Amino acid sequence: MVLGNHSTITEFILLGLSADPHTQILLFAFFLEIYLLTIMGNLMMMMAIMTDSHLHTPMYFFLSHLSFLDLCLTSVTVPKMLENLLSQKKSVSIESCLTQAFFVFSIAGTETFVLSAMAYDRYTAICYPLLYDQVMSKQLCGGLVWVSWGLGFLDALINTLMACNLDFCEAHVIPHFSCELPSLFSLSCSDISTNFAVLVCSAIIHASGTLLLVFFSYTRIISTILSITSTSGRSKAFSTCSSHLTAVSFFYGSAFLRYLMPTLSSPLELIFSIQYSVVTPLVNPLVYSLKNKEVKAALKRMLQKGLQQLREQRTGRFEG
């Protein structure tokens with residue numbers, strides 16, 4: 001990515017969440033713990049799905065990709081935040097800032113597509129159970145994931161390349177913990193009307209398009225569930241969708257609102273960014289593991305197998 005030739009500054013200052021040194025230490029410990037738990041939770045989810053044959057189904061295939069995306073999203077934002085909380089110099093080069101903005105936009109965009117694919121998977125499973133295996137083939141599932149990555153990458157590339165042509169003259173302080181495109185627009189001394197229009201249009205088309213698919217899927221799902229006569233069957237159908245609805249609610253609302261707020265004046269920006277880039281990647285594996293009996297059983301089997309291998313290794317050492 002090449003910056004505009006007329007930029008007169010070479011770096012931005014990320015102010016982060018607080019200027020108080022004591023508060024920064026507390027925040028560092030707090031977010032480091034969240035980050036480690038997020039890494040552990042999503043890695044365990046991915047390992048359980050990968051190693052347990054009971055979870056080799058389309059639903060868990062998409063869930064493993066969701067965990068990977070959450071892992072990537074939090075790793076793009078949180079390490080830089082932790083570094084700045086302990087550093088006196090909170091600077092980031094324009095190139096690094098734009099790179100971070102690209103990856104945040106790309107990964108978040110891909111996640112919206114994966115969440116909509118998961119909604120379609122649930123719609124097919126509940127509304128057309130007899131055709132489920134035929135419709136949700138490995139080829140279709142793989143194709144949906146590749147399309148999700150491709151569209152997320154393309155959308156981010158267009159918006160980031162346009163941001164590369166902006167001039168940054170005097171203002172260079174970002175009252176935020178990470179670089180995101182709306183924050184950069186407010187610092188530019190160029191005309192950002194085109195950039196902002198493209199960002200809003202892509203956010204609306206991107207988010208609304210995938211959200212409409214989610215809405216359509218769950219409208220049909222709820223209609224089908226309500227027609228089920230047995231209480232146990234209805235409860236089981238609802239339970240398979242509750243985790244996904246929780247993930248959609250957490251992610252869509254905060255990410256969509258964040259990219260429709262171009263100014264740096266509102267503290268809601270920080271709240272929305274923390275929710276979709278820090279809190280949601282932590283919550284998703286917890287929600288899916290606590291509410292899903294199959295995932296809990298798989299995690300239990302994986303832990304038992306790990307403990308058994310440790311015992312066998314210890315026994316082998318003592319015998320040796």
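FYI, side chains are in, hydrogens and waters are out, and symmetry mates aren't considered; it's all heavy atoms of this structure. These numbers were taken from a predicted model, which means no experiment stands behind them.
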- How many angstroms lie between atom OG of S64 and atom CG of L55, to the nearest 0.5 angstrom? 10.0 Å

- Note on the structure: Separation between CD1 (I192) and CG (L187), nearest 0.5 Å, reads 9.5 Å

- Would you give the length of the straight line joining atom CG of L86 to atom CD of Q24, rounded to the nearest 0.5 angstrom? 8.0 Å

- Would you confirm whether T74, through its side chain, and L71, through its main-chain N or O, come within 3.5 Å as a donor-acceptor pair? no

- Task: Share the residues that join V198 in a hydrophobic cluster, the rule being Ile, Leu, Val, Met, Phe, Trp or Tyr side chains under 4.5 Å apart at the heavy-atom level.
- Result: L154, I158, M162

- Task: Output, in order, the C-alpha distance, side-chain angles, deciding distance and verdict of side-chain contact (heavy atoms from CB on, under 4.5 Å) for L181 and F105.
- Result: CA-CA 8 Å; L181 290 177; F105 197 107; 3.8 Å; yes

- Message: Do Y60 and D52 pair up side chain to side chain, a donor and an acceptor below 3.5 Å, judged on atom types alone?
- Response: no

- Could you note down all residue pairs passing ring-ring contact (aromatic ring centres under 6.0 Å, His included) where residues 67-94 supplies at least one of them, sequence neighbours left out? none

- Pairing residues for D191 by the side-chain contact (heavy atoms from CB on, under 4.5 Å) criterion, not counting sequence neighbours: S193

- Message: Taking side chain to side chain contact (heavy atoms under 4.5 Å, CB included) as the criterion, tell me which of L282, I107, N284, V283 meets it with D70.
- Response: N284

- Message: Once side-chain hydrogen bond (donor to acceptor under 3.5 Å, both in side chains) is applied, do any residues pair with N84, and if so which ones, sequence neighbours excluded?
- Response: none

- Note on the structure: In terms of heavy-atom contacts, C97 and V92 come closest through N-CG2, 3.9 Å

Could you pull out every donor-acceptor pair under 3.5 Å between side chains of residues 38-47 and any protein atom, sequence neighbours left out?
from, atom 1, to, atom 2, distance (Å)
T38, OG1, I34, O, 2.7
N42, ND2, T38, O, 2.9
N42, ND2, P281, O, 3.0

- Note on the structure: Heavy-atom nearest pair, V114 first then S148, reads N-OG, 3.8 Å

- Note on the structure: Closest non-hydrogen contact found for S202 with D155 is CB-OD1, 3.1 Å

- What residues form a salt bridge (Lys or Arg N to Asp or Glu O under 4.0 Å) with K90, not counting sequence neighbours? none

- Note on the structure: Looking only at heavy atoms, the pair that brings Y35 and P79 closest together is OH-CG, 3.8 Å

- Kindly say whether Q134 contributes a backbone atom to a donor-acceptor pair with the side chain of S137 at under 3.5 angstrom? no

- Query: Side chains of T224 and Y123: donor-acceptor distance under 3.5 Å anywhere?
  - Reply: no

- dist T124:OG1 -> M59:CE (nearest 0.5 Å) comes out at 13.0 Å

- Task: Kindly write out the residues that satisfy side-chain hydrogen bond (donor to acceptor under 3.5 Å, both in side chains) with S96, not counting sequence neighbours, or none if the list is empty.
- Result: S93

- Message: Nearest 0.5 Å, please: how far is CD1 in I94 from CG in L184?
- Response: 9.0 Å

- Message: Testing the basics here: between Y276 and A108, what is the closest heavy-atom pair and its distance to 0.1 Å?
- Response: CE1-CB, 4.4 Å

- Message: Keeping S190 on the side-chain end and D167 on the backbone end, is there a donor-acceptor pair under 3.5 Å?
- Response: yes

- Residues V104 and C179: closest non-hydrogen pair is CG2-O, 4.5 Å

- Note on the structure: Sorted by chain and residue number, the side-chain contact (heavy atoms from CB on, under 4.5 Å) partners of S87 (sequence neighbours excluded) come out as K89

- salt bridge (Lys or Arg N to Asp or Glu O under 4.0 Å) against R220, all qualifying residues, sequence neighbours excluded: none

- Note on the structure: Residues passing the salt bridge (Lys or Arg N to Asp or Glu O under 4.0 Å) test with E83, sequence neighbours excluded, are K80

- Taking it one step at a time, do F153 and F102 satisfy ring-ring contact (aromatic ring centres under 6.0 Å, His included)? CA-CA 8 Å; F153 178 87; F102 167 79; 5.4 Å; yes

- For I274, the side-chain contact (heavy atoms from CB on, under 4.5 Å) test, sequence neighbours excluded, returns L17, F31, F177, V278, V279

- CA sep, side-chain torsions, deciding dist, call: V145, W149, side-chain contact (heavy atoms from CB on, under 4.5 Å): CA-CA 6 Å; V145 169; W149 276 102; 3.7 Å; yes

- Quick one: side-chain contact (heavy atoms from CB on, under 4.5 Å) partners of C141, sequence neighbours excluded? P58, F61, F62, M136

